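Below: one structure, written as structure tokens.
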2 protein chains.
Amino acid sequence: MSQIQRADARSNRDRVVAAAREAFASAGLEVPMREVARRAGVGVATLYRHFPTRTELVATVLAERVDDCTVQVRRALDDPDPWRALSGVVREFAERQIHDRALNEALLGPGEVSAAFQRERREHAQALNVLVVRARAAGVLRDGVDADDVRAGLLAIASLRRLPAATSARVIGRVADLVLAGIRA
Amino acid sequence: MSQIQRADARSNRDRVVAAAREAFASAGLEVPMREVARRAGVGVATLYRHFPTRTELVATVLAERVDDCTVQVRRALDDPDPWRALSGVVREFAERQIHDRALNEALLGPGEVSAAFQRERREHAQALNVLVVRARAAGVLRDGVDADDVRAGLLAIASLRRLPAATSARVIGRVADLVLAGIRA
DNA sequence: CTGGAAACGGAGCAGGCGTTCCGCTGTGGG
DNA sequence: CCCACAGCGGAACGCCTGCTCCGTTTCCAG
């Protein structure tokens, strides 16, 4: 019913997405289209047949990553310990940044790219709000700390991904600790 | 004895530096050379005669900004109140980032550019160390916080400059508060 | 005032990017 | 098995960048 496209086309599309995912994660979003095509073992035309514009390819790959983050926050809602839930989200987010160079650009990139994720971001924000409200009710947050503070902390962690790789991991870890110390009662 | 160059050459050099300073601050370091030349009211060749390569122009402009930061930390050494001195450095640094888009790239940019400031960075680090040691002696720092934590916090603040201008100011302010709360006893 | 060196401006070059065009290839329904 | 056509690869286009070349203008010492 669905197979309008040939089997080899479908397989090539998958290889392109896989190559883009890997390339973006390790080298950042500015990897040239030619390079993605080369890694996928296809010609540039094939790449453009599946993704008519660079932005669409980027959006497709980033959608997966952004979803990962939302899923992670949702999962934290199941944790009965409010502080462990919230601090786990911050720490795991930091961990993700260390291993995936593309993710931070989904959150920081100039409108064009990140505008596509408004819905995902809202879902992420809502789940995070719940975590913050619970933590606040449990009295583990410093007075005056709200969800925007936590989001600002996450953004700060994400931004650090631009540092030279040699130091970014260490700095991200320190900032994550700093953010947690900054929101805790 | 020194005027080996003509008066108009000297004046053009000044205009180029001024134009670059302004352009970098408002639009970021990736402003094209043509655009800097246009703003300065000179041809590109004139620009290249004074700065043989783009990197040299960038380094010249950034050197001023980086110096500003070092001077500011040195001045804080005169403050008798250790917490006010340290927190003032963090806040003023945040303020600078909000108003100058170029500064963060001096600290974050890939080696090529930022490597030129190793000496300045060491001086900055030494002065900051003194502030941290004093604050620690005064007992206003949380246990385990060291100068690297403060530096990591400053880097986090600097990195945020890449956010869309509309939100970056607010987020930078929140993160600065978060960092201060995170290091305070 | 004048001439030659210093300085100038902008067209032009090389190279990298995203994207398109088009002649060929190989898949899969009949 | 076969051939129409979906799908392919890579050369080529247009644009933008950093940087250079060279004929022309401007300064200023004598």
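Only heavy atoms go into these numbers, but all of them, side chains included; no hydrogens, no water, no symmetry mates. Quick caveat: nothing in here was measured; it's all calculated off a predicted structure. Throughout, a chain's letter reflects where its sequence line sits, starting with A, and its residues are numbered from 1.
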Kindly list each side-chain donor-acceptor pair under 3.5 angstrom involving residues 174-182 of chain B, sequence neighbours excluded, with atom names and distances?
| from | atom 1 | to | atom 2 | distance (Å) |
| --- | --- | --- | --- | --- |
| Arg174(B) | NH1 | Asp146(A) | OD1 | 3.1 |
| Arg174(B) | NH1 | Asp149(A) | OD1 | 2.8 |
| Asp177(B) | OD1 | Arg91(B) | NH1 | 2.9 |

Query raised in the report: Tell me, do Leu62(B) and Leu29(B) make a side-chain contact under 4.5 Å, heavy atoms counted?
Result: yes
Report task. Check every nucleotide of DNA chain D for an atom under 4.0 Å from a heavy-atom of chain B, then give the first and the last such nucleotide from 5' to 3'. Result -> dT17(D) to dC28(D)
Query raised in the report: Counting only N and O atoms by type, is there a donor-acceptor contact under 3.5 Å from the side chain of Ser87(A) to the main-chain atoms of Trp83(A)?
Result: yes
Query raised in the report: So does Thr46(B) get a side-chain nitrogen or oxygen closer than 4.0 Å to the phosphate oxygens (OP1/OP2) of dA7(C)?
Result: no
**Report entry** Neighbour count >12 (heavy atoms, 6.0 Å) for atom CG, Asp78(B)
**Finding:** yes
Report summary line: Taking every heavy atom of Asn129(A) against every heavy atom of Ala147(A), the minimum-distance pair comes out as OD1-CB, 2.8 Å
Requested in this report: Would you kindly give the CZ-to-C1' distance between Arg39(B) and dG9(C), to the nearest whole Å?
Outcome: 20 Å
Requested in this report: Using a 4.0 Å cut-off on protein heavy atoms (strictly under), produce a 5'-to-3' string for nucleotides 20-30 of chain C with B for base contact, S for backbone-only sugar-phosphate contact, and - for none.
Outcome: BB----BSS--
Query raised in the report: CD of Glu35(B) versus C1' of dG10(C): gap in Å, rounded?
Result: 16 Å
Query raised in the report: Think Asn12(B) has a side-chain N or O under 4.0 angstrom from the OP1 or OP2 of dA7(C)?
Result: no
Report task. Please tell me if the side chains of Gln126(A) and Thr70(A) come closer than 4.5 Å, counting only heavy atoms from C-beta onward. Result -> no
Query raised in the report: Does some side-chain heavy atom of Gln97(A) sit less than 4.5 Å from a side-chain heavy atom of Leu160(A)?
Result: no
Query raised in the report: OP1 or OP2 of dT19(C) sitting under 4.0 Å from any side-chain N/O of Thr53(A)?
Result: yes
Query - Within residues 15-22 of chain B: residues closer than 4.0 Å to DNA chain C (heavy atoms) - result: none
Query - Least distance between heavy atoms, Asp148(B) atom then Arg151(B) atom - result: OD1-NH2, 2.8 Å
Query raised in the report: Want to settle it: does Glu30(B) or Ala9(A) sit nearer the 5' end of DNA chain D, counting the closest nucleotide to each?
Result: Ala9(A)
Query raised in the report: Quick check: does any side chain N or O of Arg161(B) sit under 3.5 Å from a backbone N or O of Ile98(B), one acting as donor and the other as acceptor?
Result: yes
Anything under 3.5 Å between a donor and an acceptor, one on a side chain of residues 16-28 of chain B, the other on a protein residue two or more places apart or in another chain? List them.
| from | atom 1 | to | atom 2 | distance (Å) |
| --- | --- | --- | --- | --- |
| Arg21(B) | NH1 | Glu64(B) | OE1 | 2.8 |
| Arg21(B) | NH1 | Glu64(B) | OE2 | 2.8 |
| Ser26(B) | OG | Glu22(B) | O | 3.3 |

Query - Donor-acceptor pair present, Arg34(A) side chain and dG15(C) base, under 3.5 Å - result: no
Query raised in the report: Among pairs that include at least one residue of residues 42-53 of chain B, which meet side chain to side chain donor-acceptor pair (under 3.5 Å), considering only residues two or more places apart or in two chains?
Result: none
